[in-house]
Amino acid sequence: MVLNNYWRGAGFALFAAACWGLISPIAKVLAAAGLDLMSVMVFRSLFTMTSVGVGLLVMRKFEVFRVDRETLRFYFISGMLSVAFSGGGFLTSLEYLTVAEALVIHYTFPLAAIIGSLFITRERPTVLQVVAGLLIVVGVYIGMGGSVEAMRSISLPGLLWGFLAVFGMAGQALVTRRFSLSHKMNEFGLLFYSNVFGIIMLFVFKSFYYGWGDLCCLTAPLFSIMTLQAFTGSMLAYGAFFTALKYIPAAVASLLCTLEIVVAVGLTAVFVDQIPSAHEITGCLLILVAIVCTSIPPRKRS
């Protein structure tokens, strides 16, 4: 039964990664059309919040809306980490970086999750998981050009936004996993409330620093692909990721989600004619090896 739960959680994590793989190429198309990607993130959160909320009402799951103070605090932290920091930070980094650069920076978060697991969730990673985390770091280094000079050419604002997303994603995985170990977690409630709090933070930030003048560029075709991104990259992906954390440790789920890099780099080559370089392809191959290492379940699980 424990092993079945492991594979169930792994399946949800890989599905989330595949859904997230659509975010980057679509974001590049939207940015090229003149839309601010922070506006796209606000729409993603609004779409997810509304869809999940209406779904819960239709299914008469009214108890999901009744939460105690501790759970509400958890939802607030989740919204700040997953929606504002991770989602907002990653999409904004794409305005300064190529898809490959943004992804290889973003996916240093599994190593942060591995380290954090030792102190926050008290789940010791296996040797293979540590090896996988190190392989991802090597893949990041090679994917960025494999030299100090190549990394120095990367946009500093893009780097800062990227690392904000890393902090948000690793923190979200660890916080959600820790809460699920001691509470009966409802992933639909988490998905709804995290977007409620997240959209408030993003809306205030966007209104104060950027404004909404970019919405004049919005057309029906752009709105269609923006909705597709919201459905797959936000509602389905985060729903699957939160579910995965009920079955597998945060470090394992984070490592498996690196599949997004391979999916996104491949789709970007198709959608926006941004062909990955040799070193970016090599970095993706190392990440695939890391996923294989991660997918091997430990012999003994508590």
Side-chain angles (χ1 to χ4, degrees), residues 12 15-59 78-79 82-95 99 102-103 106 165 168-169 172 187-207 210-243 257 259-260 263-274:
F12 277 115
F15 177 75
C19 290
W20 275 325
L22 290 169
I23 289 178
S24 303
I26 291 178
K28 279 297 186 182
V29 172
L30 295 172
L35 281 174
D36 184 353
L37 293 182
M38 191 66 73
S39 299
V40 176
M41 189 63 216
V42 171
F43 174 77
R44 275 178 52 186
S45 296
L46 180 62
F47 177 88
T48 304
M49 177 191 71
T50 304
S51 300
V52 175
V54 171
L56 290 171
L57 290 174
V58 170
M59 294 186 293
S78 296
S82 65
V83 179
F85 287 4
S86 180
F90 178 69
L91 280 184
T92 306
S93 73
L94 285 168
E95 296 184 358
V99 170
L103 285 172
H106 186 61
M169 196 64 188
Q172 170 62 38
E187 56 269 31
F188 296 106
L190 174 57
L191 195 57
F192 174 76
Y193 277 106
S194 63
N195 280 280
V196 168
F197 290 118
I199 195 174
I200 293 173
M201 298 179 211
L202 288 174
F203 183 84
V204 172
F205 180 81
K206 176 76 165 66
S207 299
Y210 294 101
W212 299 92
D214 59 298
L215 294 183
C216 65
C217 301
L218 188 62
T219 63
L222 291 177
F223 182 78
S224 298
I225 63 171
M226 193 163 66
T227 303
L228 173 64
Q229 188 200 62
F231 177 68
T232 57
S234 186
M235 190 167 73
L236 291 183
Y238 274 104
F241 184 65
F242 292 154
T243 304
C257 283
L259 178 66
E260 178 193 349
V263 175
V265 171
L267 290 176
T268 300
V270 176
F271 288 162
V272 298
D273 197 26
Q274 191 176 85

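Side-chain contact between M201 and F85 is absent, with no heavy atoms from C-beta onward closer than 4.5 Å. Side chains of S86 and H106 form a contact here, defined as non-hydrogen atoms less than 4.5 Å apart. Between N195 and V52 there is no side-chain heavy-atom pair separated by less than 4.5 Å. A heavy-atom distance below 4.5 Å is found between the side chains of L91 and I23.
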For a side chain to side chain contact (heavy atoms under 4.5 Å, CB included) check, start with the C-alpha distance between F242 and Q172, then their side-chain angles and the critical distance, and finish with the verdict. CA-CA 9 Å; F242 292 154; Q172 170 62 38; 3.0 Å; yes

Might you work through the side chain to side chain contact (heavy atoms under 4.5 Å, CB included) test for M41 and V83, ending with a clear yes or no? CA-CA 8 Å; M41 189 63 216; V83 179; 3.8 Å; yes

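Y193 contributes atom OH, which lies 15.0 Å from atom CZ of F188 (distance to the nearest 0.5 angstrom). A distance of 8.0 Å separates CZ in F12 from CD in E187, rounded to the nearest 0.5 Å. One distance of note links CG of L202 with CE of M38; it measures 6.0 Å at 0.5 Å rounding. Atom CD1 of I26 sits about 4.5 Å away from atom CG of L228, to the nearest 0.5 Å. To the nearest 0.5 Å, the span separating CG on L22 from CZ on F231 amounts to 11.5 Å. Here CG of L215 is found 11.0 Å from CZ of F223. Values are rounded to the nearest 0.5 Å.
Smallest separation of non-hydrogen atoms from L46 and T50: O-OG1, 2.8 Å. Of all heavy-atom pairs spanning A17 and L259, the tightest one is CB-CB, 3.8 Å. Considering all non-hydrogen atoms of both residues, S234 and L191 come closest at O-CD1, 4.3 Å. Closest non-hydrogen pair, L94 versus K28, comes out as O-NZ, 2.8 Å. When all heavy atoms are compared, the tightest approach of F43 to A230 is CE2-CB, 4.1 Å. For the residue pair V42 and I199, the shortest heavy atom distance occurs at O-CD1, 3.7 Å.
Residues passing the side chain to side chain donor-acceptor pair (under 3.5 Å) test with S39, sequence neighbours excluded: K206, D214.
Although no hydrogens or angles enter the test, the distance criterion places no donor-acceptor pair under 3.5 Å between the side chain of E95 and the main chain of A31. One N or O on the side chain of Y238 and one on the backbone of S82 form a donor-acceptor pair closer than 3.5 Å.
The list of salt bridge (charged side-chain N to carboxylate O under 4.0 Å, His left out) pairs with a residue in residues 217-243, not counting sequence neighbours, is empty. Pairs passing the side-chain hydrogen bond (donor to acceptor under 3.5 Å, both in side chains) check and including a residue from residues 219-230, sequence neighbours excluded, do not occur.
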